[in-house]
Each structure stands twice: as structure tokens, then as C-alpha cells.
Amino acid sequence: MAEPLVRLENLTKNFPVGKSFFGRGRHYVRAVDDFSLEIFSGESFGLVGESGSGKSTIGRCILNLIVPSSGRIEFAGKTIFDKGKGIHLSYREMLPLRRDMQVIFQDPTASLDPRMSIGDIVMEGLKKHRIAEQAGARKTAGDYLELCGINRDLFLRRPGEFSGGQKQRIGIARALALNPRFIVADEPLSALDVSVQSQILNLMSSLKERLNLTFLFISHDLRTVEYFCDRIGVLYLGSLAELGSTGDIINNPLHPYTQVLFSSIPRDKPWLKPVWIQLQGEIPSAAPRGCKFHTRCPYSRELCAASIPLPEKAGKGHFVACHRWRELFQEAARDNAASDI
Ligand code: SF4
């Protein structure tokens, strides 16, 4: 088995949300809660979940843009953060690793400096990391712009002269210019018109193969995750509800929350009874005790509110954190068998 490129162990991130009633101590919201994951070289791993589930926080922790509250992060065999051992790499110590891990932002307009030419934007990292001086940087930046579908003759133009899709191509060229191994793509399509989303997705897909990139693809758009990702993790209130290959998660979702999320996508097994579950209520602002999903889950029982379900192995590489997944799976199988008669 290949060594993971990214390894997260018991990652937790709390954000302060104000002081207690008497002004002493602080209240915290737990955006990521005891989250563990391995991402392997060359794969695209999709993180899905509702807004506020902690997806982007995980990406930012890996990139060392925010400091986790506890846990451990390892990238390419090097520990970036380990609360237990008091390790947290400084900005200077992170510099060599930063080349290897890049980000594609959600909003291409906000992520490109409107005062700079697109050439300078792509060259900025090359110069900062002393990868190339002016002439070499110019050539490399032009090569990557063309690789991403932007003519190098437009080198001196500013971002404001480009469409949203073209700006995202420039953002991708900037990320690739440093020849990274790992890319966090944080909702890279959600600010784009539907008509250009598929073009950018196809571009990312071909670049992934061509440059042997590893992706953490964060999205709430399940169709793009299905198309782009090899494995999927389903996140609910900062915890992993289910993890598996894209095929397992799409065609055989076992956690009720995964079933809700993916029930809107037509299955490739039309003879199976579709799962339509009505969610109860809104996503809570603070995690409830026991199973975090129990306040909205139609299958909740007393046990669910009392104890936290731990991830159980449901198949090769397929894990589900639900007390009742076996029972619900058997019930669904019986219903499907009965509907066949
Ligand atoms: Fe629903 Fe209980 Fe499973 Fe949580 S543990 S998802 S509440 S059935």
C-alpha cells in the first residue's frame, strides 16, 4: 500500500464565539472534531457536507493557514503540526513545503490582485520561492497559462479583462507554476456559471492525470464530486459520517445523512428502491451529544442520543459511523427484495 501524502490524526479545531454569561472564559464552537484521514498520492479525495460542516477548515489546517486546536498533521512524511509534541512549523519552516501544497480558491475574482498583470500573478510564487528569475519565470508562467488555456500573449493584461472561467484558469496556472504535489481545491466551481463549470472540471481532471497531482476537492456539488473524485468523505458537524470509494458512496450509501445528500442524484441501479429521506429541522449550531445527526435523523433511537457512533468497517475501504447502519441496510435489502416480487 502506498504511503499517504497527507495524514490527519484526531484533528480538532475550535473557534471562539464570545464570552460566557459572567464574562469569564470563552465559548467555543467545534468546527472540526477528532477528524482522522489519509490522502494518498495521485488520488482526488472529495470532502462533502452542508455549509458549516467544517470542510474548508480542514483544508486550511492542512495548508497551515489556521492553527488546529489539537491533533496531528503530516505532509509527505513531515510533521507540520502535533499538539502532543508541541510541533507547529513556523512560516519560514513551512516555505519548502508550501511549494508542494497549493490552493485553488472559490472566488477567482477575489483571489487575483486586480492591480497586477496576470503574468506577474503567475510569476509571483516563482520569484518568491526563487525557482526562477525574470526571464525563466516569464517562460514558466507563460507555459502554465497556456497549459490552462490562456494565451501567453495576454501576459500583460489584468484580471478585470477576463471572464470568471478565464480567471479561474489563471488561478489554476498560478497554483501549478510551483509544480506542487498536492492541491486543495476549495469549492473551485461554485462561483462560476454552470456553462463553464464543466470546462474547468475537465481541465482539472486532465491536469491531474498529466501532472500526477493529488487533490483535496471540497464541494457541496455532489455531481462534480462524483465525476472528479476517487474517494469521498461525508462530513457532518466536523465529524466523518461515512468514507469510501466514490462507487460505494454513490451506489451504496449506508449512513442516513449520506443517503439524504446523495438521494438527489439518479442512481445507476434504477431497479433499487430510491431512498428519499426528509431531514428534520436545521443543522444545529452546536453539536448535540451522542450521534451529531440524531436531532435530524428519521431513524434516531435512544441509543443515538446517548452514545457517539464510532466508524465501523462496512467493506473494503468503506467506513460508516452509525449505530444502526447494519439494521437499516438489511431492512432496505428486504424492502427491495419484496418490491421485486
Ligand atoms: Fe441516525 Fe442513529 Fe445512525 Fe445517528 S446513529 S445516523 S441518529 S440511526
Side-chain angles (χ1 to χ4, degrees), residues 8 10-14 29-37 45-55 57-58 218-220 222 225-226 229 231-265 267 269 272-339:
L8 309 177
N10 310 105
L11 187 73
T12 297
K13 176 62 187 173
N14 302 321
V29 66
R30 186 159 285 196
V32 180
D33 188 4
D34 205 15
F35 180 86
S36 297
L37 178 69
F45 186 89
L47 256 189
V48 300
E50 287 165 286
S51 161
S53 57
K55 309 182 295 289
T57 305
I58 290 170
I218 296 167
S219 180
H220 65 272
L222 306 173
V225 174
E226 180 181 4
C229 297
R231 289 192 302 147
I232 296 175
V234 180
L235 209 60
Y236 187 76
L237 282 176
S239 295
L240 209 50
E242 189 163 357
L243 169 75
S245 68
T246 300
D248 280 341
I249 298 292
I250 301 289
N251 299 319
N252 187 26
L254 296 174
H255 194 285
Y257 181 59
T258 315
Q259 293 173 359
V260 172
L261 281 184
F262 285 90
S263 65
S264 56
I265 298 183
R267 304 287 181 86
K269 294 178 183 170
L272 283 183
K273 190 176 142 191
V275 187
W276 293 106
I277 303 173
Q278 278 292 315
L279 272 190
Q280 298 167 354
E282 298 283 310
I283 188 166
S285 52
R289 287 171 53 119
C291 170
K292 290 179 176 176
F293 191 49
H294 87 262
T295 54
R296 303 170 81 195
C297 178
Y299 306 119
S300 177
R301 298 285 183 272
E302 218 170 289
L303 168 71
C304 304
S307 101
I308 300 170
L310 298 175
E312 283 179 32
K313 190 166 183 181
K316 190 164 176 258
H318 191 179
F319 296 88
V320 56
C322 168
H323 291 303
R324 302 192 61 212
W325 74 268
R326 255 178 240 280
E327 185 189 334
L328 295 171
F329 176 74
Q330 283 159 4
E331 249 174 49
R334 274 199 300 274
D335 286 356
N336 281 322
S339 64

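We count ligands from 1, going down the list as the structure has it; atoms in each ligand are counted the same way.
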Protein residue, atom and distance nearest to [atom], heavy-atom basis:
atom                    : value
atom 4 (Fe) of ligand 1 : C291 SG, 2.3 Å
atom 1 (Fe) of ligand 1 : C297 SG, 2.4 Å
atom 3 (Fe) of ligand 1 : C322 SG, 2.3 Å
atom 5 (S) of ligand 1  : H323 N, 3.3 Å
atom 2 (Fe) of ligand 1 : C304 SG, 2.3 Å

*Taking S300 for the side chain and C297 for the main chain, is one N or O donor matched with an acceptor at less than 3.5 Å?*
no

*Between H323 and S307, do the side chains contain an N or O donor and an N or O acceptor separated by less than 3.5 Å?*
yes

*S239 and K292: side-chain donor and acceptor closer than 3.5 Å?*
yes

*Of the options L37, I232, T258, V234, which is the one that meets L243 in a side-chain contact (heavy atoms from CB on, under 4.5 Å)?*
L37

_With heavy-atom distances below 4.0 Å as the criterion, list the atoms of ligand 1 near H255._
6 (S)

*asked:* Quick check on contacts: which atoms of ligand 1 are under 4.0 angstrom from a heavy atom of P256?
replied: 6 (S)

*What do you reckon, is CG of L328 surrounded by more than 12 foreign heavy atoms closer than 6.0 Å?*
yes

*Heavy-atom side-chain contact between R301 and H294 under 4.5 Å*: no

_Contact flag H294/atom 4 (Fe) of ligand 1, N/O/S atoms, threshold under 2.8 Å_ = no

